Amino acid sequence: QSIRIYLYSPSFTSVKAVSAANGWSREQVAVTLSGGLPEDQLGSYEYCVTDTTEKPSQDAEWDTVQSEFNVYREMDAYFWFRAVSLCGSRSEISSDPLHIQIDRTPPSIRRETVADITENAAVISLESGETGELYYLLESGDTSEDGPDAEEIAEGISVGKIDETANFPL
């Protein structure tokens with residue numbers, strides 16, 4: 001039986017992170033790590049999650065992973081990485097973070113008022129703190145490009161919004 005003894009600190013290269021998502025996602029995001037050390041010297045990788053692009057300290061809270069892992073929970077966060085050798089030496093923190101954005105929550109929208117109903121028009125005031133594409137749906141379930149007439153507005157229109165990740169209120 002042989003025992004490998006490292007008498008020096010290994011030479012690290014940059015850890016590279018590849019994400020399965022680009023921008024906002026509604027699905028889990030797969031992350032694949034590479035680099036840092038040759039495979040026969042690599043013990044594991046560590047990652048740290050922050051809310052900003054400011055690099056964390058070496059003493060921050062770090063979690064250990066192998067070369068691939070999945071992110072499931074909703075977040076808008078930055079992941080930083082470093083490699084750990086078999087003898088426990090740690091590389092520098094990655095120079096750029098991996099930005100992961102997961103959102104499964106449908107946007108909320110409230111109809112504040114329906115006013116100024118005339119024969120051909122009405123004003124519907126909406127309030128929402130989120131950006132996205134507004135749409136309306138007639139009570140019959142048909143969408144309309146020309147818009148409803150005043151009588152249809154008086155009977156009610158369902159109003160909603162689609163956000164960046166195509167979340168849709170039901």
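Reckoned from all heavy atoms, side chains included, excluding hydrogens, waters and symmetry mates. Given the structure is predicted, the values throughout are model-derived calculations rather than measurements.
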Over all heavy atoms of both residues, which pair between [X] and [Y] is shortest? Give the atoms and the distance, please.
{"X": "Q58", "Y": "S91", "result": "NE2-O, 3.6 Å"}
{"X": "A77", "Y": "V49", "result": "CB-CG1, 3.6 Å"}
{"X": "L42", "Y": "A83", "result": "CD1-CB, 4.0 Å"}
{"X": "T52", "Y": "T50", "result": "O-OG1, 2.7 Å"}
{"X": "V65", "Y": "S44", "result": "O-CB, 3.7 Å"}
{"X": "D40", "Y": "L86", "result": "O-CD1, 3.2 Å"}

According to salt bridge (charged side-chain N to carboxylate O under 4.0 Å, His left out), does anything in residues 44-56 pair up with another residue at least two apart or in another chain? List the pairs.
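Counting only pairs at least two positions apart or across chains, the salt bridge (charged side-chain N to carboxylate O under 4.0 Å, His left out) contacts touching residues 44-56 are E46-R82, E46-R90.
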
Hey, what's the ring geometry for F69 with Y47, parallel, tilted or perpendicular (30° and 60° as the breaks)?
parallel

Look at the rings of Y78 and H99 and say which category their plane angle falls in: under 30° parallel, 30 to 60° tilted, over 60° perpendicular.
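Parallel: the ring planes of Y78 and H99 meet at under 30°.
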
Between [X] (side chain) and [Y] (backbone), is there a donor-acceptor pair under 3.5 Å?
{"X": "R104", "Y": "R26", "value": "yes"}
{"X": "S94", "Y": "P97", "value": "no"}
{"X": "Y45", "Y": "G35", "value": "yes"}

Spacing of [atom1] belonging to [X] relative to [atom2] belonging to [Y], to within rounding of 0.5 Å:
{"X": "C48", "Y": "W62", "atom1": "SG", "atom2": "CH2", "value": "5.0 Å"}
{"X": "I100", "Y": "W24", "atom1": "CD1", "atom2": "CH2", "value": "12.0 Å"}
{"X": "S25", "Y": "M75", "atom1": "OG", "atom2": "CE", "value": "11.5 Å"}

Among all residues two or more places apart in sequence or in another chain, which pass the side chain to side chain donor-acceptor pair (under 3.5 Å) test with E74?
T105

According to a 4.5 Å side-chain heavy-atom criterion applied to Ile, Leu, Val, Met, Phe, Trp and Tyr, with indirect links allowed, do V71 and L33 form part of one hydrophobic cluster?
yes

Same cluster for W80 and V84 if Ile/Leu/Val/Met/Phe/Trp/Tyr side chains link at under 4.5 Å?
no

Which is it for F81 and L98 under the side chain to side chain contact (heavy atoms under 4.5 Å, CB included) test, yes or no, and what are the steps along the way?
CA-CA 9 Å; F81 303 97; L98 177 63; 3.9 Å; yes

Would you check if R73 and I102 make a side-chain contact, meaning some heavy-atom pair closer than 4.5 Å?
no

